[in-house]
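This report concerns only the one structure given below.
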Amino acid sequence: MSALIDIRDISVGFVGRDGRTREVLRNIDLAVAPGECVGLVGESGSGKSTLALAAMGYLKRGLRLLNGSAAFNDTDMFARSRQELERIRGGQLALIPQNSGQSLTPTLRIGAQLREALRLHSALPADQHAAKVIELLGHVRLPDPEAIVARFPHELSGGQQQRVAIAMALAGEPEALLLDEPTTGLDVTTQAHILELLRDIAAERGMAMVYVSHNLGAIARVCTRVVVMYAGEIVLEGTTRHVLKSPTHPYAQGLLASIPKLDDTALPIALDGRPPAPGDAGAGCAFADRCALVQDRCRTTRPQLAPSEIGGTVRCFFAEEAGRQQGQTIGAAPVRYAGGGTMLDLDDLSISYAKPRLLDQLLGRGAAVPPTVDDISISIGKGETLGLVGESGSGKSTILKTIAGLLPPAGGTVTAGDRPLPRTVEHRDPGQLRQIQLIFQNPDDSLNPRHTVADILEQPLKLYFGLSGDKLRARSAEILERVRLGAHYLGRLPSQLSGGEKQRVAIARAFAAGPEIVLCDEVTSALDVSVQAAVLDLLNDLKKTQGTTYIFVSHDLAVVRALSDRVAVLYQGRLCEIGQTHQVFGGESHPYTKVLLGAVLEPDPDAAPTLAADDVVERAPPERGCPFQRRCPRRLGAICDTDAPPWQSPEAGHAIRCHISLEDLNAD
Amino acid sequence: MTEIAATPAENTRLQRALGVLRDVMARPSGAIGLTLVAFHLILAIISPWIVPYDYKAMDSLLMLKGPSGAHWLGTDHLGRDVLTRVLLGGREALLVTGIATPIAVIWGGLLGIFFGLVGGRLDEVLMRVVDAFLSLPWILKMLVLIVTFGTGIEVLIPTLAFFYGIPVIRIARAATHDVVARDFVSAARARGHGRITVIRRELLPNVLDTLMVEGAMRWSWMLLAFSSLSFLGFGVSPPTPDWGLMIADARGFMSFAPWGVLGPVIALSSLIIGINLTADALAKALGIDRAQKAPV
């Protein structure tokens, strides 16, 4: 017995409407040794989650096993009885899903849920369960386990919920863990902490892990071996170092090139096109249509997985050429701000979600709690791109909503051009409305599913320019061309588009208004990395041709770095630091900026994140002093709790709000 | 960019409706359901011309006779042909509920959308009133109105439309809440579209699907309610044939003449099952049911 998980020649598929069987997984072999950690990467739809679930003997509804087996401890999971599966799943073989908040039972306290896991999957006598629960919660580094036991899942933050899920998986003393995008959707700092935890636990217990993720940075941190999947098959397999440093498959190269990196000033390179739908891969190489090295042979013959000279196995006829070519293309240079008048000015802006209590209302007072966003003064030049960064809850999106007029400010003013903007959309004139456009995070939510692309684009054109008839149609087509979609997309519904295409339509809708200011709210975070690169490239192009001013909100610092001229760092709705991108990302930094930068994961097995501060989520800003006082790794003392820190400027255009002197900040 | 294989990319309203209809028919539940409903509707329209006997014609020599060549479903306690009365017995019910259902869906839907949009405290207060109303047994509420205003189509239609519109408020409000929270509504607001445009263009198309399915469900409930009222003697007055009334009349003789009950029972339940199956398939075709969708 060598492999713990031994998947042999597995094919999984579903029967489509047309009666054809469409394969989601095609003849996959995967063996995981005890204690080994294997990463599964690929774009969405590549079959990576399906493969991980198949290792449990589980297939999503509608899918069926077409061929092969998935052995765990030498017995095929698909051949086991229901009782056996129930015993193994959650016991020897545990799953940690992407969104633990949804997999925990909302009406049961954390303690009860963990005790249930122990009752089902551990040999421990019942009277020791309570103590074991505390031990498990401590093990996943949850502060104050005794208090957590009595909480309900909704009372925990996303990171804490994920830790509880890990504790629950550990309850059965598993031999292997299956992790399905366990850190996607978490803040960078939380993500880095969870990954460190997983690394340590796996090493300590000699546990095997199958780690599914689209994030190569996360994979680099926890996995020793990486399997790259494309269109339901393995295209490259090798050690993490081999796959990330010298990938021999063009797809893996493209995937790596599309990741924005912190130390890279050029834009990431987009991987054009999209993978074939299940069952549409044809006779040749599934990647042929998107490959730069494609030859006639690739379209007619399917390459087989073969050992590559550099190491690992690869499914490509031209692996050697691919290996040589690696890292030769350079991404487009981002358009830089050349100076110009002020376009948008935020003056002492504060925003509050809290409603004043009835008594306060009667007395004409505002709410007693500190405002969600406070004391924001930023001036943005014409054609400049400002990046807004911070963890979730830092008020980034809230500020965009206020600028767009969807949420009235509690105090302060927003000035666009030379005119102050009325508080909400209802009071703004058509010129002001047209001037500012907002692009949302998730195009599935921001495009009406019942409107065709034409309907969607025509709305701003009719509203702002009064176009109709042929002119309207022609203009819509022209705008679509500008986001690199053809006019034949006009008749489609959002459900007939891919994720990247949807976001392009959303971008096209914003640019249809001919805006001067475009607010981008996490516009790439719902997209695959390859698609993200294409969207960043598009935004950069539009900036070049339209001279648009952007405010670019993101929790991903590398993405912000790629596009921004200036960066503002927010914590709990308060500014910590603002400056030119190179100033914020290097030299003196606010302790919070340092924490954020340290937590960034690079797709490099040699880069380790530094975890300076706890990943505790604060629900409200402190009433006095520095907003970062409770988590700051470089706290000075009482002064941080009582006095608002002063703005200090190391050089022109760079300002840091901290009590620590500039020399000391620099010394770090 | 690679392009999606040339799918016919016309998405007019008519094509969508036809697509949904095709989808409904492609499902076993939809095919069976729609066939049953269509069968009943056609029979209700043509029955006066195809019935073998006069529905009022009594024959004291033929009381409670079992099925025969002359009377396929036998005769009732007054010697009337059961088949004739079953064929005609759904006309009144379909007419009344066919008018009352759209009224219920329209007024309940409009009010629900309004509540959903207003939100806040007013919405909470009004919804508690709705809840209070829903907590009373429906038959009680209806009997009060019918006893006060009398029976007859002119009372039954508004009564049914009123009471069956109330649950629609709930559904429409919930659907509105779901849609209002979505970014495309914020996007339309941020662009500066007027309130009416936002409701008409962004909200309604997404709420209407839910209301359509809800309407079908309400229709089947209403048919059941109408038949129950007839059964209790508050619906159709004799001698007009009606399934509820026929069941009431024949139930005393069920032990030795079950055909008198069986005919109308099968007719009524097949219609209701047909509507429910159709509603089920419709919900699936429109993608608004809770069951899982196809993988990938």
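Given the structure is predicted, the values throughout are model-derived calculations rather than measurements. Just so it is clear: chains get the letters A, B, ... in the order the sequence lines come, proteins before strands, and each one is counted from 1.
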Region of A/Q437 in contact with chain B, defined by heavy-atom distances below 4.5 Å: side chain
message: Looking at B/F114, I want to see if its CZ is surrounded by more than 12 non-hydrogen atoms of other residues, nucleotides or ligands under 6.0 Å.
response: no
- request: Could you tell me whether the side chain of A/N448 and the main chain of B/F184 form a donor-acceptor pair under 3.5 Å?
  value: no
- prompt: Can you tell me if A/D445 uses its side chain to pair, donor with acceptor, with the backbone of B/D183 under 3.5 Å?
  reply: yes
query: Given that the side chain runs from C-beta out, which part of A/D455 has a heavy atom under 4.5 Å from chain B: side chain, backbone, both or neither?
result: both
field: Sorted by number, residues from residues 508-518 of chain A in contact with chain B (heavy atoms, under 4.5 Å)
entry: A/R509
Intermediate values then yes/no, side chain to side chain contact (heavy atoms under 4.5 Å, CB included), B/D209 and A/R450: CA-CA 11 Å; B/D209 285 354; A/R450 299 291 305 276; 3.2 Å; yes
task: First locate atom CZ of B/R189, then atom OG1 of A/T424, and finally report the distance between them rounded to the nearest 0.5 Å.
output: 8.0 Å
field: Pick from B/S186, B/G194, B/A188 with the largest number of heavy-atom pairs that fall under 4.5 Å of chain A
entry: B/S186
query: Between A/L447 and chain B, which part of the residue has a heavy atom less than 4.5 Å away: side chain, backbone, both or neither?
result: backbone
query: How many angstroms lie between atom CZ of B/R195 and atom CD of A/E426, to the nearest 0.5 angstrom?
result: 6.5 Å
message: So which atom in A/P449 and which in B/N206 form the shortest heavy-atom distance, rounded to 0.1 Å?
response: CG-OD1, 3.4 Å
task: Could you tell me whether B/L140 atom CG has more than 12 heavy atoms of other residues or ligands within 6.0 Å of it?
output: yes
query: Just wondering, are more than 12 heavy atoms of other shown residues or ligands nearer than 6.0 Å to NZ in B/K141?
result: yes
message: Any side-chain to backbone donor/acceptor pair from B/R182 onto A/D444? Under 3.5 Å, distance only.
response: yes
query: When you measure from the side chain of B/H193 to the backbone N and O of A/L463, does any donor-acceptor pair fall under 3.5 Å?
result: no
